[in-house]
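First up is the structure itself, then whatever we jot down about it.
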Amino acid sequence: MNDVPQKPEQAHPTLEWIGETDGYLRLIDQTKLPGQLVYLDCRDVQSVWDAIKRLSVRGAPAIGVAAAYGCVIAAQHGNFARGADYLATSRPTAVNLFWAIARMKSLQTTETTALLAEARRIHAEDAAMCRAIGQHAMKLIEPNAGVLTHCNAGALATSGIGTATAGMYLAHAAGTPFTVYADETRPLLQGARLTAWELGEAGVDVKLICDSMAAQLMHGKKINIVITGADRIAANGDVANKVGTYSVAIAAKYHHIPFYVAAPSSTFDIKCPTGDDIPIEQRNPSEVSNFSDTATAPPGTQVENPAFDVTPASLITGIITEHGLIQPVNKETVSRTIR
């Protein structure tokens, strides 16, 4: 398939490098979507760190690409090593962040031309991996299927057509009729604000649902397959993804619905034995106790706000990578595919 499916990010790239070695990183501020399309120009390491931390750029692959360009900016200012280490403190769970920084460090140079070339390779490789994932995933989407996804593992989370959404874009371009059910994804509504927006703009049939509706739709046979993304995958196939994914996987297992995870090889952490070893980011309580600037809980209410949960490999039908489908999901099958 040669035709690239139309999507809003072709006209509005999630992130891009402007200029040459003296250039800067431009990215969409995803905290403003869908109401406003606002760009951030990052010209120093602090602005890149802030963009990652506050979720202006988010999604494991996109975070990795942003961090790679952040390393170039650090070198521009003569503080490559310190800047790279600082970028690694922005968020703890998405392994692509650390993978990209390690790859930039492995060049063992502070010369901006070489660093920019490597960052651009990381950027291009991510887009290519998305397309390869999509070519494998589209075969799983049958005509008239109901496809559930959680959070946003779409074009906005990557340099290309997404991970979880990649098969959806390609199946849509091929003329396959299907409906995507997008979980709203509390507390920050990435499914409502981002997934519903980008799929809708691309002409994909998408319906937004509350997180708590998924099991009922499965019971009503409106959902035939689940495809989510991932922020880190352990050596045994356990998957960390946006909180709420674990609940979806349990419901899918009960209703005998296949549950797939789509992720590039850069999201696997072979040094991490199991999901119990994945660090889970704890975010600001106000994300749960407030909606935008409006309090939705009494003052002083105690809050738990883990950004991610871990879905055990036993609940996962298969992991879709650029290399193909890992199935069944276990340490042996992962190690044969990811080296």
M168 side chain reached by T149 side chain, heavy atoms, under 4.5 Å: yes

Nearest-0.5 Å distance that lies between atom CD in Q327 and atom OG1 in T337: 11.5 Å

Check: H172 main-chain N/O paired with T176 side-chain donor or acceptor under 3.5 Å: no

Residue pair R58 / Q190, side-chain donor-acceptor N/O under 3.5 Å: no

Steps toward side-chain contact (heavy atoms from CB on, under 4.5 Å) verdict (V239, V310): CA-CA 5 Å; V239 171; V310 175; over 6 Å; no

Ring pair (Phe, Tyr, Trp, His ring centres under 6.0 Å) partners of Y69, counting only residues at least two apart: W17, H123

K242 NZ/CZ over F308 ring centroid, <6.0 Å and within 45° of normal: yes

Side-chain donor/acceptor of N224 to backbone N/O of G146, under 3.5 Å: yes

Stepwise side-chain hydrogen bond (donor to acceptor under 3.5 Å, both in side chains) check, S47 with D50: CA-CA 5 Å; S47 61; D50 289 341; over 6 Å; no

Residue pairs involving residues 88-106 (criterion salt bridge (charged side-chain N to carboxylate O under 4.0 Å, His left out); sequence neighbours excluded): D85-K105, R91-E281, R103-E118, R103-E125

Partner set under side chain to side chain contact (heavy atoms under 4.5 Å, CB included) for A153, not counting sequence neighbours: T163, A164

Exam field: side chain E322 to backbone S265, donor-acceptor pair closer than 3.5 Å: yes

Side-chain donor-acceptor contact under 3.5 Å, T274 with N236: no

Side chain to side chain contact (heavy atoms under 4.5 Å, CB included) partners of E184, counting only residues at least two apart: R186, L189, A192, L208, C210, D211

Minimal non-hydrogen separation, I233 against A263, with atom names: CD1-CB, 3.8 Å

side-chain contact (heavy atoms from CB on, under 4.5 Å) assessment of N144 paired with T179: CA-CA 7 Å; N144 303 310; T179 297; over 6 Å; no

Pairwise distance CD1(I225) to OH(Y260) - rounded to 0.5 angstrom: 5.5 Å

Shared-cluster residues of V303, by chain and number - hydrophobic side chains joined below 4.5 Å: V288

Intermediate values then yes/no, salt bridge (Lys or Arg N to Asp or Glu O under 4.0 Å), R120 and E20: CA-CA 11 Å; R120 283 175 165 161; E20 294 303 322; 3.2 Å; yes

Joint cluster assignment, I319 & M129, ILVMFWY side-chain distance < 4.5 Å: no

Single-linkage hydrophobic cluster, 4.5 Å side-chain cutoff, I257 and I316 together: yes

N/O donor-acceptor pair under 3.5 Å between D29 side chain and S56 backbone: no

Taking every non-hydrogen atom, the tightest pair across L87 and C71: CD1-N, 3.8 Å

Set of residues satisfying side chain to side chain contact (heavy atoms under 4.5 Å, CB included) with respect to Q282, sequence neighbours excluded: I280, E304, P306

Donor-acceptor contacts, no H, no angles, side chain residues 289-301, under 3.5 Å, sequence neighbours left out:
residue, atom, partner, partner atom, Å
S289, OG, P285, O, 3.3
T296, OG1, S289, O, 3.0
T301, OG1, P298, O, 2.6

Within residues 219-238 or reaching into it, pairs that qualify as salt bridge (charged side-chain N to carboxylate O under 4.0 Å, His left out) - sequence neighbours excluded: R232-D269

Pair N241-T311, side-chain contact (heavy atoms from CB on, under 4.5 Å): steps then yes or no: CA-CA 8 Å; N241 194 49; T311 299; 5.9 Å; no

Any donor-acceptor N/O pair, H323 side chain to P264 backbone, under 3.5 Å: no

By side chain to side chain contact (heavy atoms under 4.5 Å, CB included) - contacts of P273 (at least two apart): D277

Side-chain donor or acceptor of T317 paired with backbone N/O of F259 under 3.5 Å: yes

Side chains of E198 and Y169, donor plus acceptor under 3.5 Å: yes

Rounded distance (nearest 0.5 Å) linking atom OG1 of T185 with atom CG of L188: 9.5 Å

Main-chain N/O of L55 paired with Q30 side-chain donor or acceptor, under 3.5 Å: no

Shared hydrophobic cluster for I52 and M104 (ILVMFWY, side-chain gaps under 4.5 Å): yes

Same apolar cluster: V57 and L25, side chain cutoff 4.5 Å: yes

Side-chain hydrophobic cluster, 4.5 Å single linkage: members besides I250: Y246, L315

Closest contact, heavy atoms only, V329 versus G318: CG2-CA, 3.7 Å

Interatomic distance, T321 atom OG1 to I133 atom CD1 [nearest 0.5 angstrom]: 6.5 Å

Test item: side-chain donor near acceptor, T113 and E111, under 3.5 Å: yes

Straight-line distance of C272 SG to I278 CD1, nearest 0.5 Å: 4.5 Å

Option from T333, V334, I326 for which side chain to side chain contact (heavy atoms under 4.5 Å, CB included) with N330 holds: T333

Return a table of donor-acceptor pairs under 3.5 angstrom between the side chains of residues 74-82 and protein atoms on other chains or two or more places apart.
residue, atom, partner, partner atom, Å
Q76, NE2, T21, O, 2.7
Q76, NE2, G23, O, 2.9
H77, ND1, I73, O, 2.9

Donor-acceptor contact below 3.5 Å, side chain T14 vs main chain A155: yes

N/O donor-acceptor pair under 3.5 Å between R193 side chain and L33 backbone: yes

Reported CG-to-CD1 distance for the pair L140 and I320, which is rounded to 0.5 angstrom: 5.0 Å

Residue pairs, two or more places apart or on separate chains, that pass ring pair (Phe, Tyr, Trp, His ring centres under 6.0 Å) and touch residues 85-109: W49-Y86

